[in-house]
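Reviewing the structure listed below.
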Amino acid sequence: MTTATAPASRSRDDVSPPRPALRRRMKSSYPTWFFIPAGVFYVVLFLVPTIASFYFSLTRWTLFEVDFIGFDNFVRFFQEPQLVQGFLNTFIYAFVTSASKVVLGLLLGVFLSSQIIARGFLRATIFFPVLVSTIGVGILFKVLMDPFGGPINEILGAVGIQGPAWLTDPSIALLSVALVDIWKGVGLAALIYIAGMVAIPQEYFEAAKVDGAGAWHNFRHITLPLLRPATVTVVLLSLIGGLRSFDLIWAMTKGGPGFTSDVLASVIFKQYQAGFFGLSTAGNVVLFVVVAAIIFPLSWWLNRKGDEQ
Amino acid sequence: MRNVVWKWGAGTVAIALAFVVFIIPFAFILFTAGKTQAEAAALEFTWPTEWVLFENIVTVIQTRDFLLVRAFFNSTVLTVVAVAIMVVLAAMVGYVLQRRRSRWNPLVNSLVLAGLIIPPAVVPTIWVMQGLEIFKTLPGLIAVHVAFGLSFCILLFRAFVATIPRELDEAAIIDGAGPIKLFFRVIFPLLRSVIVTVIVVQAVFVFNDFTYALYFLPGDDNATVQLTTFNFIAQSTSSYNLLFADVLLITIPPLIMYIFFQREIVGGMTSGAVKG
């Protein structure tokens, strides 16, 4: 789930080297074949398909035959307006959801770490949607956001606001789905920040108090820098999730109206359903490249900057 | 004084907000599921004039020849078997990965990271599954979940094994334990707390999964619970009461998990935020 745990486990290796007589037996006590059973699942059902996708993306592929056609699928992918739209929407969706989760998660995390009543209840409440099935949430909000008599617009109307046609207006359908994604996922971001807050030693705040720092200075110069690992985790998790997002969009709009809320993952499914396996796989390769091109450099950069401090 | 005002004032405002933003939507599910078809079609957030929740649930369960019962059975088998396999295999990898420095480690570590980040290639996976004749079968979906879920489990196990003293291993080896006995009799029982975490987090994930079931296990005969909702969407747009009764039913298992294992779920999903 997180890339951040990786280096933590290394230190143990250096503690108490086994006595020489034991060393050979120790070594064989940790057999490399323990990797094999897990490796079989991973290689057969994840690695092989991933590598094969590069070949199949260059083919016209139906149930019965495979024709090699070079880069035609990719050319098509960046020529047909609906596919280009899906490509761009993927970035918009991922950026909007992860930026909002960072900001709201940080605010909620700091707020729910302060001394207020019913803290445990509030934490439990905002986290619960994370565990509910995405399809259930999608169905629920599709009804709540119904432009004709849906509860959200009824309530907005009662206070004199003309609610938008959330999911049927082409210009905001994608953002409406993103809003629900934020609603569902912000609890996880907030809890990651709370875990980060717990790890900040109280002494820092006491020392700052002696120096006469106010609440804003505390936040700006102690809390924010020390929450950096939490921010890295939230950014990476929500970007990975946002770029791959499929089920919420599928449950709420199916990419519509038209194809205005399509993203790469829903394009992949639609092309697969239509029987264009080669084109669908090309979409997979594009998604692969997009995710890798964003996540790997970003995580390297974020983690490196953390080390320098 | 200021603290008391903050404590009660901000707390009260937050409770009111949480109520509107988070609790009312879930109440809406419950109320709509309890209404008659005509009343539910109005899509209003009101107390049902007549509670027919039980009748609705019975109708949902009986729909299409007890499809939901079969779906619950399928989802349970899927979740239990997939998570069990994941836990044992990932614990083996995480354990050796942490204990032994071999030239395979960098490769395995990068494969684990790749598994976390890279989206699975859908149609080629179907192609492989067809070759193995496990496409559209429950064992096939189980295998897919295991393959895609291993990485996350391995990370948790590797971090936890680091906290188990090596002296325990040495003592067991001196007593003559072989590698299998050492792992399954000595180490595995000590992993209990992280095993609970992995089980609940992955169980919620597998149970809630929609995408993989849609791709790799299509068809009504072996639907999983997440797919059953589409019956009531397709069937007719006006039976919102049945649709929400179904949503209510598939929300209950994660809710139960959350009530009993809140600490493990939160701990598992937020791990890594602190250590950096």
Side-chain angles (χ1 to χ4, degrees), chain A residues 1-5 8-9 12 16 18 25 29-32 34-35 37-38 41-42 45-46 48-50 52-53 56 115-118 122 125 131-133 135-136 139-140 143 146 149-151 188 191-192 195-196 199 229-230 233 240 244 246-247 272 277 280-281 284 287-288 291 295 306, chain B residues 7-8 10-11 14-15 18 22 25 29 43 45 89-90 92-93 96 98-102 104 108 113 115 117-125 128 143-144 146-147 150 152 155 158-159 162 166 170 173 179 182 204 208 210-211 226 229 247 250-251 254 258 266 269-270 272-276:
Chain A
M1 171 145 268
T2 137
T3 52
T5 18
S9 53
R12 266 282 160 189
S16 65
R25 288 200 55 192
S29 293
Y30 307 122
T32 318
F34 268 33
F35 292 151
F41 281 97
Y42 183 93
L45 289 170
F46 183 74
V48 169
T50 303
S53 71
F56 284 123
Q115 296 296 326
I116 50 166
I117 52 166
L122 288 170
T125 309
L131 300 178
V132 178
S133 101
I135 293 304
I139 291 168
L140 168 65
V143 171
D146 193 297
L188 180 59
L191 285 203
I192 289 173
T233 309
I240 295 171
R244 294 161 63 156
F246 169 72
D247 33 10
Y272 159 69
F277 296 167
S280 168
T281 309
N284 247 132
L287 182 60
F288 172 98
V291 171
I295 299 299
Chain B
K7 185 177 177 180
W8 288 89
I15 292 171
F22 289 102
I29 297 180
L43 298 182
F45 181 72
L89 299 193
M92 289 165 70
V93 175
V96 174
Q98 198 280 325
R99 278 294 197 253
R100 177 175 176 176
R101 270 196 193 152
S102 78
W104 296 100
V108 176
L113 280 191
I117 293 169
I118 293 169
V122 179
V123 192
T125 308
V128 169
V144 163
V146 171
L150 276 172
F152 171 67
L155 274 190
R158 191 184 58 184
R166 268 169 183 267
E170 288 173 32
I173 293 166
L182 170 63
V204 170
N208 279 342
F210 168 75
T211 315
Q226 305 298 328
T229 51
V247 170
I250 66 175
T251 309
Y258 189 44
V266 171
M269 291 185 119
T270 60
V274 185
K275 293 171 207 148

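Note that the structure is predicted; figures quoted are calculated from it, not measured. Throughout, a chain's letter reflects where its sequence line sits, starting with A, and its residues are numbered from 1.
Note: F246(A) CZ to T211(B) OG1 = 5.5 Å, rounded to the nearest 0.5 Å. Distance check: I118(B) CD1 to L287(A) CG gives 10.5 Å after rounding to the nearest 0.5 Å. Rounded to the nearest 0.5 angstrom, L131(A) CG and N208(B) CG are separated by 7.5 Å. Of the inter-residue distances, the one linking T125(A) atom OG1 with I15(B) atom CD1 reads 9.0 Å to the nearest 0.5 angstrom.
R244(A) contributes no side-chain N or O that, together with a main-chain N or O of P120(B), makes up a donor-acceptor pair within less than 3.5 Å. Checked by atom type and distance alone, the side chain of R99(B) never pairs as donor or acceptor with a backbone atom of Y30(A) at under 3.5 Å.
Heavy atoms closer than 4.5 Å to chain B are found in the side chain of L122(A), but not in its backbone. Both the backbone and the side chain of W8(B) come within less than 4.5 Å of a heavy atom in chain A. With a 4.5 angstrom heavy-atom cutoff, V93(B) touches chain A via backbone and side-chain atoms both. For D247(A), the parts sitting under 4.5 Å from any heavy atom of chain B are the backbone and the side chain alike.
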### Message
Show, in sequence, the C-alpha distance, side-chain angles and deciding distance for F56(A) and V123(B), and conclude whether the side-chain contact (heavy atoms from CB on, under 4.5 Å) test is met.
### Response
CA-CA 9 Å; F56(A) 284 123; V123(B) 192; over 6 Å; no
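Using a 4.5 Å heavy-atom threshold, the side chains of V122(B) and S280(A) count as separate. Taking 4.5 Å as the limit, every side-chain heavy atom of L140(A) sits out of range of all side-chain heavy atoms of V247(B).
Counting heavy-atom pairs closer than 4.5 Å to chain B, the top-ranked of the candidates V48(A), T32(A), L45(A), T50(A) is L45(A). The candidate from L182(B), V146(B), V204(B), V144(B) with the greatest count of non-hydrogen atom pairs under 4.5 Å with chain A is V146(B). The residue among V291(A), V143(A), L191(A), T281(A) with the most heavy atom pairs within less than 4.5 Å of chain B is V143(A).
For P49(A) against T125(B), the heavy-atom pair with the smallest separation is CB-OG1, 3.4 Å. In this structure, P31(A) and V96(B) approach most closely via the heavy-atom pair O-CG2, 3.6 Å.
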